[in-house]
Every structure is written in C-alpha cells, then in structure tokens.
S.K.: 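Let me begin by handing over the structure; questions about it come next.
Order of listing sets the numbers, starting from 1, for every ligand and every atom in it. Basis for what follows: all heavy atoms, side chains included, without hydrogens, waters or symmetry-related copies.
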Amino acid sequence: MPSYMSAIDAPEAPIQIIGLPYDSTTSYRSGSRFGPEAVRSASYCLENYDPILDLDLEDISFGDAGDVEIPPGDPKRALSVITSALDEKVRPDSLVLGLGGEHLLTLPLVQRVLKNYEEKDLWFIHLDAHTDLRPGYLGEPYSHASIVWLVSKEIGFSKIRQLGIRSGTKPEWELMRLHNTLTGIDDKSVASLVDWIGDDPVYLSVDLDVMDASLFPGTGAPEPGGVSFAELQRILNQFIGVNIVGADVMELAPSLDPSGASSVVAAKVVRTMLFLMASGMTGGEE
Ligand code: MN
Ligand code: MN
C-alpha cells in the first residue's frame with residue numbers, strides 16, 4: 001500500500017510530512033539520517049486503514065514536502081538551514097510532522113510552532129528512553145542529548161511532560177524531579193494528562209527509542225526496559241482529538257536493524273501520528 005509516498009507534493013494539504021536527514025551530533029551509533037527515506041519505503045508494507053482508531057489515511061488530507069537538504073557537521077548551521085527550509089517548503093498555517101533524523105532537529109519545529117502560539121500555552125509532550133536534559137554534551141550546546149533542555153529555554157518547564165524515561169544522569173533526573181516533568185507511561189497517567197491539557201496546543205515529540213531495545217534495535221542509543229509497540233500505540237491513541245499543532249517521530253536509524261522491522265514499526269507510529277493530527281483539527285473523533 002503506497003500509504004505515504006502517494007501523498008508527496010500536495011502543498012495545499014493542511015498536514016505536511018517533512019524529512020530531516022541529519023545525525024551529526026549522535027554520540028553512539030549514527031545512521032538516523034537515513035530514517036525519513038526508510039519510513040517512506042516501509043510505509044508500503046502498511047494498510048491505510050487503522051482498525052483500532054477506525055480511521056483511514058485516504059480520508060485525511062496530508063502531503064509530503066520531501067526532505068530538507070541539511071549540510072552534515074555544524075549543528076547550529078543545520079538548525080538554521082532547517083528553519084529557512086520550513087519557511088520555503090510548508091505554508092505558515094500547515095501542521096508539520098517531522099521525520100528524523102536525530103532528536104536535536106525537534107528544536108526548529110518547536111520554534112516554528114511558537115510563531116503561532118504563546119510560549120506559556122504550548123505543551124511539549126516528550127516520549128523517549130532518555131531525559132535529553134543535558135545543558136550541552138561534550139562541549140556542544142546543540143546536541144540530541146539536550147533537546148528537552150533547549151525546548152525548556154523556549155517555553156519553560158511548566159508544560160513539559162516526559163513519558164517513558166529510564167535513562168539519564170543524576171543531575172538530569174534531579175531536574176525532572178524539580179520540575180515534575182516525569183509522567184507515567186500508563187493508561188491512567190496519560191488519561192489525566194490529556195484531561196489536563198484540554199484544548200491547549202500540544203507539540204508531540206516521539207523519540208522511537210522510548211520502545212524497548214528488543215523490538216526497536218534500529219536506533220542510535222537503544223535502551224532496555226521500554227514499552228512494547230502495543231503499549232505505545234495505546235498511549236498515543238489517547239491523544240486522539242487533542243489539539244496537536246506540531247509533532248515529530250525521531251531517531252530511526254534503519255541500517256542498525258538489518259531485519260527492517262524497526263523501519264516498519266516507525267512507519268506505523270508515523271501513521272498513528274497522522275491520524276492524531278487530523279483528529280485534533282476536526283475537533284476529535286472520540
Ligand atoms: Mn532517546
Ligand atoms: Mn531523544
């Protein structure tokens with residue numbers, strides 16, 4: 001089923017996929033720059049219809065704006081290239097779903113959303129194995145390991161929530177405790193979070209390594225002890241109808257899983273994200 005590829009070049013569609021192939025700050029195993037391409041080709045393996053949500057990709061309007069051409073190396077330069085490319089490739093009122101690429105690239109996507117929403121109103125919901133709260137990593141302030149820290153500089157900590165986290169330094173965990181950002185990755189915790197969010201705008205960022213390393217080895221820093229795909233899907237599905245104003249699916253490094261299964265898992269997460277974004281626009285499907 002050509003579920004995502006068929007949507008390429010539909011600039012008028014309100015939801016736009018954009019590929020961000022860059023992995024230069026990856027500290028362990030690189031390869032996420034091949035993530036967007038792998039998601040697109042793995043999407044052929046999936047049906048357009050999601051029987052749990054009872055939604056079909058053919059009934060929602062989305063496009064694929066292709067990949068941003070990002071120069072490898074210098075992360076600051078990469079970020080500024082992405083910022084300009086977003087202005088060129090997608091309309092100001094489109095909802096963008098970013099495909100990584102490393103997690104650092106969430107920053108320009110969040111900054112783009114903040115052109116339309118107030119810092120104090122935006123929720124940042126972060127699914128990840130890692131805290132990503134380092135104020136820089138090995139001397140580099142713009143690092144995949146710092147993305148939540150960088151987002152906190154934009155919106156503060158009060159509306160950041162972190163789910164699935166199981167790895168980080170002691171100072172990072174202390175920061176999470178100080179600001180109460182850590183939220184349970186279980187049905188009840190997520191239900192009350194979604195309740196609390198109400199109609200507020202949400203940026204939803206999924207680092208795929210939130211899933212267990214055994215089912216998702218195709219990523220730069222796999223971490224044991226994570227959720228299954230079924231659990232992740234149940235958690236994500238609770239965001240149906242939420243006002244998602246930007247989102248991303250990051251850190252697929254396809255060559256690290258020669259079976260190809262990780263790419264299919266990632267493509268299915270992307271499919272779910274498209275349904276969530278579409279449902280938030282129409283005011284919910286619940
Ligand atoms: Mn991670
Ligand atoms: Mn991350």
Side-chain angles (χ1 to χ4, degrees), residues 20-36 38-39 75 78-79 82 97-111 123-138 140-155 157 160-169 171-173 175-176 179 181-183 185 203-229 231-232 235-236 246-254 256-257 262-263 265-266 269-270 273:
L20 302 170
Y22 174 87
D23 58 12
S24 296
T25 87
T26 303
S27 47
Y28 185 44
R29 311 189 299 177
S30 55
S32 67
R33 67 185 181 280
F34 301 110
V39 163
L79 294 174
I82 294 168
L97 173 60
L99 301 185
E102 61 163 82
H103 211 168
L104 172 65
L105 310 183
T106 294
L107 186 61
L109 297 170
V110 170
Q111 287 166 334
W123 290 83
F124 183 75
I125 307 300
H126 169 231
L127 282 75
D128 203 321
H130 308 94
T131 54
D132 286 355
L133 280 168
R134 279 177 157 89
Y137 187 58
L138 304 175
E140 174 51 65
Y142 294 97
S143 163
H144 70 100
S146 307
I147 185 57
V148 182
W149 173 260
L150 292 165
V151 169
S152 79
K153 297 285 145 206
E154 304 281 337
I155 65 167
F157 278 104
I160 294 180
R161 293 294 180 278
Q162 300 182 268
L163 288 75
I165 315 297
R166 55 196 183 275
S167 174
T169 64
E172 288 180 287
W173 279 84
L175 206 56
M176 282 202 300
H179 296 289
T181 58
L182 187 59
T183 301
I185 191 159
Y203 189 97
L204 184 55
S205 183
V206 178
D207 182 331
L208 290 160
D209 67 28
V210 68
M211 284 177 279
D212 193 71
S214 61
L215 87 124
F216 196 80
T219 191
E223 183 72 33
V227 289
S228 69
F229 176 79
E231 285 165 325
L232 176 65
I235 294 305
L236 288 176
D248 57 57
V249 177
M250 310 304 269
E251 298 285 359
L252 166 67
L256 299 175
D257 177 4
S262 296
S263 300
V265 171
V269 172
V270 169
M273 298 292 269

S.K.: CD of Glu172 to CD of Gln162: how many Å apart, nearest 0.5 Å?
M.R.: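 Here the interatomic distance stands at 9.0 Å.
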
S.K.: Do the side-chain N and O atoms of Asp128 and His126 include a donor-acceptor pair separated by under 3.5 angstrom?
M.R.: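 Yes, side-chain donor-acceptor contact under 3.5 Å.
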
S.K.: Tell me, please, which residues at least two apart from Ser30 pass side-chain hydrogen bond (donor to acceptor under 3.5 Å, both in side chains).
M.R.: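 Listed in chain order: nothing, the list is empty.
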
S.K.: Regarding Thr219 and Asp209, is there a side-chain donor-to-acceptor distance under 3.5 Å anywhere?
M.R.: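 There is no such pair (donor and acceptor under 3.5 Å, judged by atom type) between the side chains of Thr219 and Asp209.
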
S.K.: If you measure only the distance, is there a donor-acceptor pair under 3.5 Å linking the side chains of Asp132 and His103?
M.R.: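 There is such a pair (donor and acceptor under 3.5 Å, judged by atom type) between the side chains of Asp132 and His103.
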
S.K.: Near the Mn ion (ligand 2), which protein N/O/S atoms fall under 2.8 Å?
M.R.: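 Metal shell, protein only: His103 ND1, Asp128 OD2, Asp132 OD2, Asp207 OD2.
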
S.K.: Hey, are His144 and Ser27 close enough side-chain-wise for a donor-acceptor pair under 3.5 Å?
M.R.: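 Side chains of Ser27 and His144: pair found under 3.5 Å.
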
